[in-house]
Amino acid sequence: FSDETYHDPDKSNGGWSLERIDTAFFCSNTLNWKASNNPTGGTPGSVNSIAGQFSDHQSPYLDYGFISGNGMATVFFSEPIDTSSISFLYFILIDKEDTLHPISVTVSSSSEVILNFGTTLSSNEYALFISSMLTDCPGNPGNTLHSIRLSTPEAASPGDIIVNELLYDAPAGASDFIEIFNRADHAIDVSTLKLAETSSLSSLPVGTIYNLTQEHRLIFPGEVMAFTEKKEAIFNHYPSTDNYRLLSIEDLPDFNTEEGGVVLFTSDGKEVDWFPYQSSMQFPLLRDTKGVSLERLSAFGNSADPALWHSAASVCGYATPGAPNSQRLDALLDEGKNVSLSPLVISPDNNGKNDEMEIQFHFKNPGNMLSCMIF
C-alpha cells in the first residue's frame, strides 16, 4: 500500500485506516482498498465502513523491463497475471531484425518474469514481444500482442538527463511533480538517478536526497518521464497527463513556492543537471500561479538559463506531466509570415464551406499577448 491506496488526498496524511471493500475478491488490487468512511477514522473489530462489491475489469499488459546481463532479461507486467497464460515470447533486434527466442522462462513473481536467451545480448536496442492471450488474476484478457523496448542501459553523464518540467506549487489535493528528458543517444536506467532540493543560488543539495525510483525503468533517447507522490490526483487534475509516463514516487522534496532549485545526480554523486527557479519566471500576466508548472522550451541549452523556461499553457490545464511540453520553441519558430489567414474568404452561412476562418500567429518567443479587433 501507499498514499495512493487511500484514494482520498485529504485522508492520506494520517488518522484514517485503509479498509478492504470486497472480502470475497481474493486477487491483489489496490482499487479494492479505500480510506475508511467512519467518522472515528476506522472500524477495528467491526464491519468495514466501505464494505461492498468490487470488480476488476482492467486488462493486463507488458509494462517495462531491462537486460540484466549474461543473456538474461527481466520483464514486468502491469499487475499480477496468470503465469500459465504466457505462451510465446521472443526478441527482435531492431537494427538487424534478428529474432531471438528464450531457452527458458522463470516466473519470479506473479508480475515478474526472467528470460534466459542462452547468448550474450549486445548493447543494441531490442523490441520484446509476447504473443499470447495474457490474463490477469481475475481472468481479464489482455491484447494478443504485447511489446516493450529493451536495451542495455549506460551510465548517465552530465547533461544526458535534464529537468524538463517542474510543478513546485501543487494545487490543493495534488502534489508536486518533476519531469525529466533523455537527450543522450542511449538508454539510461532511472533507478541510478537521485534528486534533491537546492537553493536558487547553488546546486548543493539541501536536506534529504531521494531516489527517483527503485524499479529498473529505462528512459530512451528523446523520451520523458515524470514522478509524483500522488499519481492519481495529478492524473485527475491535469487532462494532458500521459498516465504511462507518470510514475509514483514515495517522496519528493517540499519545494519552496517562491524560489529554489532541484538537482539530479547519479548514485555515485556525479551531478547530471541543475534547475534553479524563481516564481518570477512564470508568465507575468497570470493572476495566480498555483498549480502552474514551468516547462522547458528546448532540449538544448543550460537548465539554469531563465530564458529557457515558461509557464505551461492554459489550454493544457497548466501542466503536461509525462506528455510533450505545451511550450516548445521548436513548435513556435516559424520563418514565414507573422500572421496568416485560412481561408482568405469567409462565408459564414453555416453551409459547411468556409464557415470559419483560422487566424494563425507565429512568434519566435512565447508569452505574447494579442488584441484583435474584427469589423
Side-chain angles (χ1 to χ4, degrees), residues 1-61 63 76-81 109-111 136-140 167-179 197 207-208 210-215 217 225-255 257 290-293 317-319 321-322:
F1 66 90
S2 68
D3 285 352
E4 293 287 325
T5 317
Y6 287 90
H7 305 290
D8 186 338
D10 294 330
K11 296 180 178 180
S12 62
N13 290 326
W16 301 85
S17 71
L18 287 170
E19 293 185 347
R20 192 183 191 112
I21 298 174
D22 191 346
T23 57
F25 186 85
F26 298 110
C27 298
S28 175
N29 192 316
T30 59
L31 296 178
N32 194 28
W33 294 79
K34 287 178 61 178
S36 175
N37 285 335
N38 191 287
T40 65
T43 55
S46 303
V47 176
N48 289 350
S49 62
I50 61 171
Q53 291 185 338
F54 173 77
S55 299
D56 176 6
H57 300 293
Q58 293 184 345
S59 298
Y61 58 88
D63 194 9
F76 298 85
F77 296 90
S78 60
E79 59 177 309
I81 61 170
S109 70
S110 58
S111 58
D136 60 10
C137 177
N140 296 311
L167 179 66
Y168 59 84
D169 189 10
S175 67
D176 299 335
F177 72 78
I178 181 175
E179 180 184 85
E197 185 179 10
T208 306
Y210 301 92
N211 293 312
L212 275 179
T213 179
Q214 299 289 348
E215 300 173 347
R217 296 267 183 171
M225 195 173 289
F227 303 86
T228 185
E229 293 178 6
K230 298 180 180 179
K231 178 178 177 179
E232 185 176 341
I234 290 292
F235 182 74
N236 292 333
H237 194 88
Y238 295 106
S240 298
T241 301
D242 186 332
N243 192 37
Y244 296 101
R245 296 269 165 207
L246 178 65
L247 304 182
S248 293
I249 187 173
E250 289 186 6
D251 292 297
L252 274 179
D254 186 15
F255 294 114
T257 58
K290 191 175 187 63
V292 181
S293 73
Y318 294 109

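- Qualifying salt bridge (charged side-chain N to carboxylate O under 4.0 Å, His left out) partners for Asp169, counting only residues two or more places apart in sequence or in other chains: Lys290.
- Of all the heavy atoms in Pro60 and Asp136, the pair that sits closest is CG-N, 3.7 Å.
- Asn140 places no side-chain N or O within donor-acceptor distance of the main-chain N or O of Ser59, the cut-off being under 3.5 Å.
- Under the 4.5 Å side-chain criterion, counting only non-hydrogen atoms from C-beta, Ser12 is in contact with Lys230.
- Of the possible polar contacts, none joining the Thr241 side chain to the Asn243 backbone as a donor-acceptor pair under 3.5 Å is found.
- The distance from the OG atom of Ser293 to the CD1 atom of Ile234 is 9.5 Å, given to the nearest 0.5 Å.
- The side-chain heavy atoms of Leu18 and Lys34, taken from C-beta on, include no pair separated by under 4.5 Å.
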Would you sort out whether Phe255 and Glu197 count as a side chain to side chain contact (heavy atoms under 4.5 Å, CB included), showing the intermediate values? CA-CA 7 Å; Phe255 294 114; Glu197 185 179 10; 4.2 Å; yes

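- At least one donor-acceptor pair under 3.5 Å links the side chain of Asp176 to the backbone N or O of Ala170.
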Test side chain to side chain contact (heavy atoms under 4.5 Å, CB included) on Asn29 and Phe54; report intermediate values, then the result. CA-CA 10 Å; Asn29 192 316; Phe54 173 77; 3.9 Å; yes

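- Rounded to the nearest 0.5 angstrom, Asp3 CG and Phe1 CZ are separated by 9.0 Å.
- Counting only distance, with no hydrogens or angles, the side chain of Asp56 and the backbone of Gln58 share a donor-acceptor pair below 3.5 Å.
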Yes or no on side chain to side chain contact (heavy atoms under 4.5 Å, CB included) for Met225 and Glu179, after CA distance, side-chain angles and deciding distance? CA-CA 6 Å; Met225 195 173 289; Glu179 180 184 85; over 6 Å; no

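- Taking NZ of Lys231 as the reference point, atom OG of Ser2 lies at 11.0 Å (rounded to 0.5 Å).
- Considering only residues two or more places apart in sequence or on other chains, Tyr210 meets the side chain to side chain contact (heavy atoms under 4.5 Å, CB included) condition with Leu195, Thr208, Asp251, Pro253.
- Partners of Ser55 under the side-chain hydrogen bond (donor to acceptor under 3.5 Å, both in side chains) rule, at least two apart in sequence or in another chain, do not exist in this structure.
- Arg245 approaches Gly322 most closely through the heavy-atom pair CB-O, 3.3 Å.
- With sequence neighbours excluded, no residue forms a side-chain hydrogen bond (donor to acceptor under 3.5 Å, both in side chains) with Asp254.
- For Arg20, the side chain to side chain contact (heavy atoms under 4.5 Å, CB included) partners two or more places apart in sequence, or in a different chain, are Thr23, Asn32, Trp33, Asn48.
- Two rings, from Phe76 and Tyr61, have their centers 6.0 Å or more apart.
- Note: Phe227 CZ to Glu250 CD = 13.5 Å, rounded to the nearest 0.5 Å.
- The side-chain hydrogen bond (donor to acceptor under 3.5 Å, both in side chains) check on Glu19 picks up Ser36, Thr43, Ser49, with sequence neighbours excluded.
- Across all their heavy atoms, Ala174 and Ala233 have their closest contact at CA-CB, 3.9 Å.
- Atom CZ of Phe177 is separated from atom CG of Leu252 by 10.5 Å, given to the nearest 0.5 angstrom.
- Counting all heavy atoms, side chain and backbone alike, Tyr238 lies closest to Gly291 at OH-O, 2.7 Å.
- Under a 4.0 Å N-O distance rule, the pair Asp63/Arg217 qualifies as a salt bridge.
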Does the pair Leu167 and Tyr318 meet the rule for a side chain to side chain contact (heavy atoms under 4.5 Å, CB included), with working shown? CA-CA 10 Å; Leu167 179 66; Tyr318 294 109; over 6 Å; no

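- Between the Ser111 side chain and the Glu79 main chain, no donor and acceptor come within less than 3.5 Å of each other.
- The CZ atom of Phe25 lies 6.5 Å from the SG atom of Cys137; values are rounded to the nearest 0.5 Å.
- Between the side chain of Glu229 and the backbone N or O of Ile249, no donor-acceptor pair lies under 3.5 Å.
- Side chains of Thr30 and Thr5: no donor on one and acceptor on the other come within 3.5 Å.
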